[in-house]
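Contents: one structure, followed by commentary.
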Amino acid sequence: MKAICLQEPLDQTLQNTMKFTTTKSPITMTRDVLIEARGGALHFTATNLEMAIQASIPADVQEEGTLAVPNKLLMELVKTLPRDQLNLDSENGDTTLRVNWEGAHASVNGESPGYFPPVPTVDNPVRFQLSVAEFRRAVNRVLFCAAGEKGRPILTGILLQVNDRDELVTAAADGFRLARQVTVLENPPAAALELVIPAQTMTEVQRMANHAEAVEILASGTGKNVKFRIGGEEPQDTDVRVTSTLLEGNYPELSGLINRDMPNATVMDIAELNRAARRANIFAQDDAHTVRINMDPRRNHVVIDSESKEVGSSRVSMMSRETRGQPIEIAINCKYFLDLLGNLSAAELVMETESATSPARIGIPEDEDYDHVMMPIRVLTP
């Protein structure tokens, strides 16, 4: 292998592939990145056996070849190098990668590429594409509700469903809260789909989509894998491709948990509410992040209270609008509430309640396609 490339795209690509390796795994190849010099590019592959990434950068390839090297070691080396041309080479049959720059060089011991795990395939895929703005909205508004590693396995994923109304439904729930976003597809796939994708996969795809134009999703109704192509409207050699195994099992039916016909509702400014909730959370951390939201439609007034016997208390008042129903106080987990406020990218929200002990629905007045449901905290009154 002999190739010349620039330091900056190599550095960024190695940072991306590093997210798909497992540094503590006993399987050596899951710590490695596979580098292939071919055509006019360097092609990189990394996998932790549950998800894989394939990425490419332009290069002057003088001699084709393939080698597997430790991702972390090479990434840390490249990060220290000048933003200039780098020469990468290894002799045929040799497993050492030499990196040359400005009269200096370093050698990285690698391994034969023949032992590198194959990337999972998606056979006979159904395809559909979203703009990056659509994809980020569909994912960001639900991703934070996925359960952590100790939750039910199926709830650690994101539901991605294409229904017969040409809608993409993304949803997540952890038993205490749920979120659902509906996106109308301009060019829907040829068949309906229902996939449960690990939240970690969606996090990485969403992160790498920041500088792309579109995200294409390839899946099979009977397969065990899903593939994302991150790039432009038309496929290019330099597009990033992420493949992931799907979570097995049936995702819970969420629509029955969403009630849009509640008697009490208040519309609030998200930026002002976010500031008030952050202040309240300072005094709520010793009490399971419990804050009380008191909504009074008679005065278009909302009060957010929190209290800690150890450190003090907070009371923040703010005006609301378009209220209906009776005065009501509901106690919620402020940490969960801040997760929601930080991911809505909207000006206002509406909070709807039926009673202090029933789930609260939170929506966006100008967007009927989003629902968030939060379980209240039962507070013992003295």
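Computed from a prediction, not measured in an experiment: that's the story for all the values here. Computation of the quantities below employed the complete heavy-atom set of this structure, encompassing side-chain atoms and omitting hydrogens, waters and symmetry-equivalent molecules.
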Test of understanding: with side-chain contact (heavy atoms from CB on, under 4.5 Å), list the residues that count as partners of A191, not counting sequence neighbours.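 Scan of A191 (side-chain contact (heavy atoms from CB on, under 4.5 Å), adjacent residues dropped) gives V126.
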
The single option from T47, T30, N48 passing side-chain hydrogen bond (donor to acceptor under 3.5 Å, both in side chains) against T22: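 Answer after filtering T47, T30, N48: T30.
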
Is there a continuous path of hydrophobic side-chain contacts, each under 4.5 Å between heavy atoms, that joins [X] to [Y]?
X	Y	value
V142	I217	yes
F144	L344	yes
L254	V139	no
V61	L88	no
I258	M262	no

Output, in order, the C-alpha distance, side-chain angles, deciding distance and verdict of side-chain contact (heavy atoms from CB on, under 4.5 Å) for S90 and L67. CA-CA 8 Å; S90 64; L67 185 64; 4.1 Å; yes

Report the distance from atom [atom1] of [X] to atom [atom2] of [Y], rounding to the nearest 0.5 Å.
X	Y	atom1	atom2	result
L159	Y251	CG	OH	6.5 Å
I304	M295	CD1	CE	10.0 Å
F283	S308	CZ	OG	8.5 Å
S244	F20	OG	CZ	8.5 Å
E352	I328	CD	CD1	12.0 Å
R275	R278	CZ	CZ	11.0 Å

Ignoring hydrogens and angles, tell me if any N or O in the side chain of [X] forms a donor-acceptor pair with the backbone of [Y] under 3.5 Å.
X	Y	answer
T121	D123	no
Q181	R137	no
E253	S255	yes
N210	R207	yes
N264	T353	yes
E272	D269	no
Y370	R141	yes
T243	A52	no
R165	L168	no
T21	R31	no

Is a donor from one side chain sitting under 3.5 angstrom from an acceptor on the other, for [X] and [Y]?
X	Y	result
N294	D305	no
T17	N71	yes
E194	Q161	yes
S107	T96	no

Does the pair [X]/[Y] count as a salt bridge with the N-to-O cut at 4.0 Å?
X	Y	answer
R361	E354	no
R177	D339	yes
E204	K19	no
R38	E64	no

If the test is side-chain contact (heavy atoms from CB on, under 4.5 Å), which one of [options] qualifies with [X]?
X	options	answer
V119	N225, I53, T45	T45
S320	N300, D296, V350	N300
C5	L42, N87, D60	L42

Does atom [atom1] of [X] have more than 12 heavy-atom neighbours, drawn from other residues, nucleotides or ligands, at distances under 6.0 Å?
X	atom1	answer
R315	CZ	no
R260	CZ	yes
D261	CG	no
E186	CD	no
Q15	CD	yes
E234	CD	no

Would you say that [X] contacts [Y] through its side chain, given a criterion of any heavy-atom pair below 4.5 Å between the two side chains?
X	Y	answer
S317	V303	yes
V242	I230	yes
N100	D89	yes
I4	L86	no
Q236	D239	yes
L349	V267	no
V196	L246	no
Q7	R83	yes

Closest heavy-atom contact between [X] and [Y]?
X	Y	answer
N109	P70	O-CD, 3.3 Å
A68	D32	CB-OD2, 4.0 Å
A37	M1	CB-CG, 3.7 Å
A277	L341	CB-CD1, 4.2 Å
G232	E213	CA-OE1, 3.7 Å
V33	F116	C-CE1, 4.4 Å

Candidate pair L178 and H372, rule side-chain contact (heavy atoms from CB on, under 4.5 Å), full reasoning: CA-CA 6 Å; L178 70 86; H372 181 94; over 6 Å; no

Please assess L185 against L130 for the test side-chain contact (heavy atoms from CB on, under 4.5 Å), listing each intermediate value before the final yes or no. CA-CA 8 Å; L185 296 173; L130 298 169; 3.4 Å; yes

What do the steps show when you test R98 against E91 for side-chain contact (heavy atoms from CB on, under 4.5 Å), and what is the final call? CA-CA 9 Å; R98 286 176 289 277; E91 298 295 334; 3.3 Å; yes

Can you tell me how the ring of F228 sits relative to the ring of F135, calling it parallel under 30°, perpendicular over 60° and tilted otherwise?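 Aromatic pair F228/F135 classed perpendicular.
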
